[in-house]
Every structure is written in C-alpha cells, then in structure tokens.
Amino acid sequence: MSAPKPENTERPEREKRVARVVRAAEEKVTDTARAAVAFERADLAETEHEWREQLHNDGAELRADVARDKQKVAQAVDDLRHPERIAAAVEARVEHGAEEAASAARAIEHPGVTVAEAEHAVAAKKTAFDRTTATIAAEFTSPADARKLPRVLKVFGVLLALVSLATLPGIGAAIYRSVTSVEAHGLGTEGVSTVVVNFLYLGVLSVLALTAVIFGYRLFRNQRRWAAIISYGLYVLLIAGVLCSIMLQGITPDLVFYLVAFVVTIGLQSYLDPSLLEERRRHRKAREAEEHAEGEAGTLGRDLTGKGYITLNFFNLFWIFVVASVLGLIMEEVVHFLFVVPGQWQDRAGLLFGPFSPIYGCGAVLMTVFLNRFHKSNWLVIFVVAAVIGGGFEALTSLFMQYAYGAVAWDYSNMPGSLFGGRTCLPFMACWGLLGVVWIKLLLPFMLRLVNFIPWNWRYGLTVVAAVFMLADAVMTLQALDCWYERLSGDKVDTPIQQFYDQHFDDTVMADRFQSMTIHPADAVRGK
C-alpha cells in the first residue's frame, strides 16, 4: 500500500488557520470601525457643544447690546422730553471752552503771570518735598548729632573702615579659591554640607565687613543716630558669624573676636545716641509705675492695647522660655515612658544643668511671638501656623546640631511623611500644631498667672539672675558638646577649657546626661 499524501491531512489545518486569520481581521476591522464611529460621535458631540456654547455667548452679547441700545434710546427720549438738560449741557461746554479761551488769551497777553503761577506751583511742590525729606531725616537724626564725637572715636571709625576694607580682598580671594576648588575637584571629600556652610560663612563675613565700613564712615561723619541704627545690623551679622564659625571650627579662640565685637557694639550704641538710652530709662521708669498699678489690678503682663494677649517684652518671653522648657521636658519624658519604650525612663534634657529642654522653650517663644495676635482666631489657623513654625524650627535645630557636632538627637526617617532627611515629619508637625493650639488657648493664660506670682518689685532682679544662669548653662553645654566631639574625633585635648570639660564632663557623663543623643564626628561639617 502506498502512504497517504501529506497535503490531504494539512489542508484542514491550513483552512482553520486561514479562518482564524480572517476572523481576527474581521474583528480588527470591526473594532477599528467602532472606534472610528465613537471618535466621530465624540467629535460631533464636542463640535455641537462648542456651537451651542458659542451660540449662547453670541446671544448673551446680543442681548447686552440690545439692552445698551434700549438704554441709549430711553436716555435720548428722556432728553427730548426735557430739552432744558440739553441746553444746560451745551451751556456748560460753552462756558468751559470760554474759560480755556480766556486762559489762553491771558497767557498770551500776560506771559509773566503764567510764569509766576508755574513758579508758585513748583515752589509749593518743593516745599512739600522738603517737608517730607525733613520728616524722613528726623527719623535718622537726633539732638545728639549736634554734639561732636571725641577725636578718638573718629579715629576709631577711620581705622575700622580701613581695616574692614583691607579684609575684603582676602575674603574675595577665599571665595575665589573655594569656587575654583569646587569647579576643579567637585565636592571632593568635603561634601555638600561643608561647601554650603563655608560659602555662607564667607558671605556673612563679606556683609559684616561692608557694614563695618559704613559704620566707621558714620562715626567719622559724626552721624550718631545712623551709627546706632546700623549697630542693629552688626548684632545680627555677628550672631550669624558665631553660628557658622561653630559649625565649621567648633568652640575656638576665634569666637573671642565676636564676643569682643558684640560688647564694643553695645557700648558704642549706648554712647553714640544717648537719647536711645534716655528713652529706655524713661520708658523703664514709666513701665515700673504701670506694672505696680497692673499688679494691684491683677492685669500684669496682659497686652492692654488689645493687639495681642500678652505683652511681648523680655520679662514675659524669658519666663515663657523657662516654663515651656520645663513643661516640654516633662511631657517628652512621660511620652517616652508610656508610649515610645513603655516602662523605660529616659533623661531628655537639653542642657547640662537643670530640667530644661530648650527646643520647647524656643518653640513656645516663637509661637507666642507669631500667634500672640491670633489668640482669638480659629483654632485651625493657630494649628497650621504652629505646625509650620514648630516643624521648621525643629529641622533647623537638627541641622545645626549635626553640622556643628555631628549630633543626632532625633531621626524621623522611618516615620510617615518624613521631611528634610528625617529632621521633622508630618505627624510631629501635627503635634507642634496641637501644642500651639493648647499653648495659645489654654496654657498661656495659666503661664501668665504663674509668672504673676513673682512680686513686681522682684521681677527685674530675679529675671537677671535667672537669665545669667541660663546663658551660662547654654554656653557650657555648647563647650561640653564641642569637647565631646573632639574626644570622639580623636583630636588632642590640650587647651585649658578642653581639659576642664574632659575632667568634669567625660564621655560617660555626657552620654548619661544626653541619653537620647549620639555623636558621629563624620557627619559634622568640620569633620569632612
């Protein structure tokens, strides 16, 4: 028997494949046709919608035009019914034209009068301008400007200006070297943090030098008031220089320059414009009398003008800082004991001595300053503003601590809504917002009553003593952290200050005091 031909068995398979291809092609053509029909329908619908919208707009414009025409026709008919109005309008135009013609005739016949009137108008404007200039100048002058400065202060001003000018080329050269180094080698081993802080520091030094030049020039010109006002800018720049210097170099003898400059600026400001000092003295005496009366009336510390809830003076803000530092520390330790690590008590203090957490104190001061006027506002407004202020301040504090000492006291990288590399997060910003609402609505009145327990005649003396203690505590904390950083970095402890802190505040003492803080020298700006 002969074998069957393969074509007989393969033909049905080919027919099936052809049938499948045909069906697929038909389905594809059908789908394409449906899509085309749907597109055409959508396009027609859109076109119809555009036409209808255009028709509606045209109809609205036509109705508006008809309404305006009707109004004009009605006005014309009304004018026809009252011809005296047309006559009055014509007479007014004729009179106006006659006045212009008469004025032009007078100007032609008597040109001197026209010139005199123009000169009078210019003189009146100049008088008003001089009056405005004198008013502005009075803000920057005082009776003390008439008194001559001692020659030694004028010489000091000249020397200060010359020395400051002499430092500018060096600062410019440092900026040029930094820029060329970054262009040639990139960030290298320094990292972006060091580069940014370094440029910021050079910028602060540049502005400080220029401000010192202007300050010295004002001294030389005997412009006391101007010099006293410029000194406020010097304060801000000196503080910025201190922070940048600490981040780049730590606690070094260079900080003595800023301290001396700060003290000299304070002394010069009081001497340059005695009216400022006299005004402060008169204000203090008047304020003491007012405080005595308010203390007896039970309204001491309240803002009686109604602009805010509390008077924003040094006394109130300082004690807000102290009380909030204590309350914040207690709250954080209780939260840690109950929720973070149940049953474990951890010291969360932020200063060497005393039960203080300064981040809460500073946060309370910022919230009081910015929200004092909103004490009657909706709680949601207070919540949002407090959340932004608290989160921003928390992030900046974390940035400074890490850049200056490589210190990390909190890290929210694993928290939901983490921001700025874990320096803050949305849940804790919400906590700051809630704290702001509680502080402004509930705790601030309690705080005011608590502070008013201090007898009014003890207020200044007790506040000065407490402020000196807090300042010393803050300075010693920064120095102790710097020495801790130096030891962990492997640097030599050779200065008397470092030896003092090395002896009394070694690694064990610091780790026990700041239990929530760890220091990684490689993370600091100066450690890169």
Side-chain angles (χ1 to χ4, degrees), residues 228 231-232 234-236 238-239 242-243 255-256 258-304 308-329 349-369 372 443-444 446-480:
S231 62
Y232 289 111
L234 290 176
Y235 293 147
V236 175
L238 289 172
I239 292 174
V242 167
L243 295 178
L255 297 179
V256 176
Y258 294 99
L259 177 61
V260 173
F262 209 88
V263 172
V264 170
T265 305
I266 293 175
L268 282 175
Q269 186 187 45
S270 299
Y271 177 78
L272 288 172
D273 193 354
S275 63
L276 294 176
L277 185 58
E278 292 170 3
E279 289 172 6
R280 285 194 290 267
R281 287 173 179 172
R282 287 194 300 268
H283 177 74
R284 186 175 67 250
K285 290 181 180 179
R287 187 58 192 158
E288 287 177 356
E290 292 175 0
E291 287 178 353
H292 183 62
E294 292 172 6
E296 294 179 350
T299 60
L300 191 61
R302 286 293 304 274
D303 186 357
L304 301 180
Y309 180 79
I310 193 172
T311 303
L312 298 180
N313 53 30
F314 175 78
F315 175 83
N316 285 340
L317 294 179
F318 173 76
W319 286 108
I320 284 174
F321 170 80
V322 173
V323 173
S325 296
V326 176
L327 294 179
L329 177 65
L351 296 176
L352 276 181
F353 308 104
F356 305 113
S357 181
I359 188 171
Y360 289 99
C362 293
V365 169
L366 290 174
M367 289 182 186
T368 303
V369 170
N372 189 42
L443 293 183
L444 194 56
F446 167 77
M447 162 70 196
L448 196 59
R449 290 194 296 270
L450 181 64
V451 172
N452 280 337
F453 279 112
I454 303 175
W456 75 272
N457 53 341
W458 290 8
R459 292 162 71 86
Y460 291 109
L462 184 61
T463 302
V464 169
V465 173
V468 170
F469 169 76
M470 294 298 294
L471 180 62
D473 197 1
V475 171
M476 292 187 67
T477 300
L478 292 177
Q479 291 177 330

Any chance you could lay out the side chain to side chain contact (heavy atoms under 4.5 Å, CB included) test for Ile320 and Leu444, step after step, and finish with the verdict?
CA-CA 9 Å; Ile320 284 174; Leu444 194 56; 4.1 Å; yes
For residues [X] and [Y], report the shortest heavy-atom separation together with the two atoms involved.
X	Y	answer
Leu351	Ala474	CD2-CA, 4.1 Å
Phe321	Cys362	CD1-N, 3.6 Å
Ser325	Pro358	OG-CA, 3.9 Å
Gly361	Ala324	CA-CB, 3.9 Å
Pro355	Leu329	C-CD2, 3.2 Å
Thr265	Ser231	CG2-CB, 3.6 Å

From [atom1] ([X]) to [atom2] ([Y]), nearest 0.5 Å:
X	Y	atom1	atom2	result
Thr368	Ile310	OG1	CD1	6.5 Å
Phe318	Leu462	CZ	CG	8.5 Å
Leu243	Tyr258	CG	OH	10.0 Å
Asn372	Leu312	CG	CG	4.5 Å
Phe315	Thr463	CZ	OG1	4.5 Å
Leu352	Leu478	CG	CG	9.0 Å

Checking side chain to side chain contact (heavy atoms under 4.5 Å, CB included) for the pair Tyr360/Leu327: CA distance, chi angles, key distance, verdict?
CA-CA 8 Å; Tyr360 289 99; Leu327 294 179; over 6 Å; no
More than 12 heavy atoms of other residues, nucleotides or ligands under 6.0 Å from CZ of Phe446: yes or no?
no
Distance-only, no hydrogens or angles: does the Ser357 side chain make a donor-acceptor pair with backbone N or O of Gly350 under 3.5 Å?
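Side chain of Ser357 to backbone of Gly350, a donor-acceptor pair under 3.5 Å: no, none is there.
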